[in-house]
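A quick write-up on the structure given underneath.
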Amino acid sequence: MLKALSLKGEGDITGHVYKGNPMTDITIKPAQSEHLAALRAIELASFETLRGTGAVTGAPVATSLDDFSRLSEEGILFAAFAAEDIPVGFAGAYIAENWLHIVEADVHPNWQRQGIGRRLINALLAEGKARGLTGASLTTDRYAPFNAPFYASLGFDILQEEALPPRLKALLAAETNSGLAPQRRVAMQRVY
């Protein structure tokens, strides 16, 4: 069911300046093994954007190549590509208890604020719906404008403590144990 999706937008991860409307060259499609190192670099670059909002502190961290590979093989991993197949963003998810769980979505800072993240998430949501899943879930920062408020604009609702299923409670606890501030973390879901 995974297929390439054409998008519109602008920007470039490499610093190259395109003439005309460069987003006509943006495509979203499943990431392949040869793209994983670039996706990791995008996540590391995006860490600094999160740091600017207070959502993270400390040394930059990113998904391991092994975890990206597992997500690509066992879950869903879409990437946004500029001209010449240059990755500029990605979004990944796995399926748990008939829910699509979005684990990570990042757009390189040079390409942010152009709708690429929204299109990546919409591609994941469409894939989950096509697979007949109940809906989508995620955990994210409550305050960064491109986190919980962004997902709310896509139809996700914040789950209150009493409504959290055990799997989301466990994820939030693991995030706290890894050093993320619990008062900033929130679980969200969207039913199809």
Requested in this report: Show your working on side-chain contact (heavy atoms from CB on, under 4.5 Å) between L39 and L77 and close with a plain yes or no.
Outcome: CA-CA 10 Å; L39 302 187; L77 183 60; 3.9 Å; yes
Query raised in the report: Passes side-chain contact (heavy atoms from CB on, under 4.5 Å), V186 versus Y143? Steps please.
Result: CA-CA 9 Å; V186 65; Y143 302 113; over 6 Å; no
Query raised in the report: Please walk me through it: do K169 and E161 pass side-chain contact (heavy atoms from CB on, under 4.5 Å)?
Result: CA-CA 8 Å; K169 280 183 185 178; E161 177 71 27; 3.9 Å; yes
Query raised in the report: Can L65 and R40 be said to form a side-chain contact (heavy atoms from CB on, under 4.5 Å), step by step?
Result: CA-CA 7 Å; L65 291 177; R40 190 167 194 280; 4.1 Å; yes
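Remark: R113 CZ is loosely packed, at most 12 non-hydrogen atoms of other residues, nucleotides or ligands lying under 6.0 Å away.
Residues L138 and H101 share a closest heavy-atom pair of CA-CE1, 3.4 Å. Residue V107 comes nearest to G117 through the heavy atom pair CG2-N, 3.6 Å, listed as atom of the first residue, atom of the second, then distance. Shortest non-hydrogen contact noted between D106 and E43 is OD2-CG, 3.3 Å. Minimum interatomic distance between L120 and A79 (heavy atoms only, all atoms of both residues): CD2-C, 3.9 Å. The minimum heavy-atom distance linking G128 with Y192 is given by the pair CA-OH, 3.5 Å. Nearest heavy atom pair, residue A93 against residue L71, reads O-CD1, 3.2 Å.
Under a hydrophobic clustering in which Ile, Leu, Val, Met, Phe, Trp and Tyr are joined whenever their side-chain heavy atoms come within less than 4.5 Å, directly or via other members, F150 and L124 fall into the same cluster. M188 and V191 are members of different hydrophobic clusters when ILVMFWY side chains are connected at heavy-atom separations under 4.5 Å. Clustering ILVMFWY residues whenever any of their side-chain heavy atoms sit less than 4.5 angstrom apart, transitively, puts I121 in the very cluster that holds V88.
Under a 3.5 Å cut-off, the side chain of R190 and the backbone N or O of D157 do not form any donor-acceptor pair. Checking side-chain atoms of E104 against main-chain N and O of G92 turns up no donor-acceptor pair under 3.5 Å. Here the side chain of S46 pairs a donor or acceptor atom with the backbone of I42 at under 3.5 angstrom. Side-chain atoms of N122 come within 3.5 Å of backbone atoms of R118 as a donor-acceptor pair (strictly under, hydrogens ignored).
Judged by distance alone, the side chains of E175 and T139 do bring a donor and an acceptor atom under 3.5 Å apart. Between S137 and R167, the side chains place a donor N or O and an acceptor N or O closer than 3.5 Å (distance only, hydrogens not considered).
Between D85 and K29 there is a salt bridge, with a side-chain nitrogen of the basic residue lying less than 4.0 Å from a carboxylate oxygen of the acidic one.
Between I28 and R119 there is a side-chain heavy-atom pair separated by less than 4.5 Å. Two residues are said to be in side-chain contact when any heavy atoms from C-beta on lie closer than 4.5 Å; F81 and I26 fail this criterion. Under the 4.5 Å side-chain criterion, counting only non-hydrogen atoms from C-beta, R185 is in contact with D141. Side chains of L100 and K129 form no contact here, defined as non-hydrogen atoms less than 4.5 Å apart. Considering only heavy atoms from C-beta on, L36 comes within 4.5 Å of S69 through its side chain. Contact check for E127 versus F78: side-chain heavy atoms found under the 4.5 Å cut-off. Here the side chains of F90 and T63 are not in contact, with every heavy-atom distance at 4.5 Å or above.
The side-chain hydrogen bond (donor to acceptor under 3.5 Å, both in side chains) pairs that include a residue from residues 88-98 are N98-T134, where partners are two or more places apart or lie in different chains. Listed by first and then second residue, the ring pair (Phe, Tyr, Trp, His ring centres under 6.0 Å) pairs involving residues 152-174 are Y151-F156 (not counting sequence neighbours).
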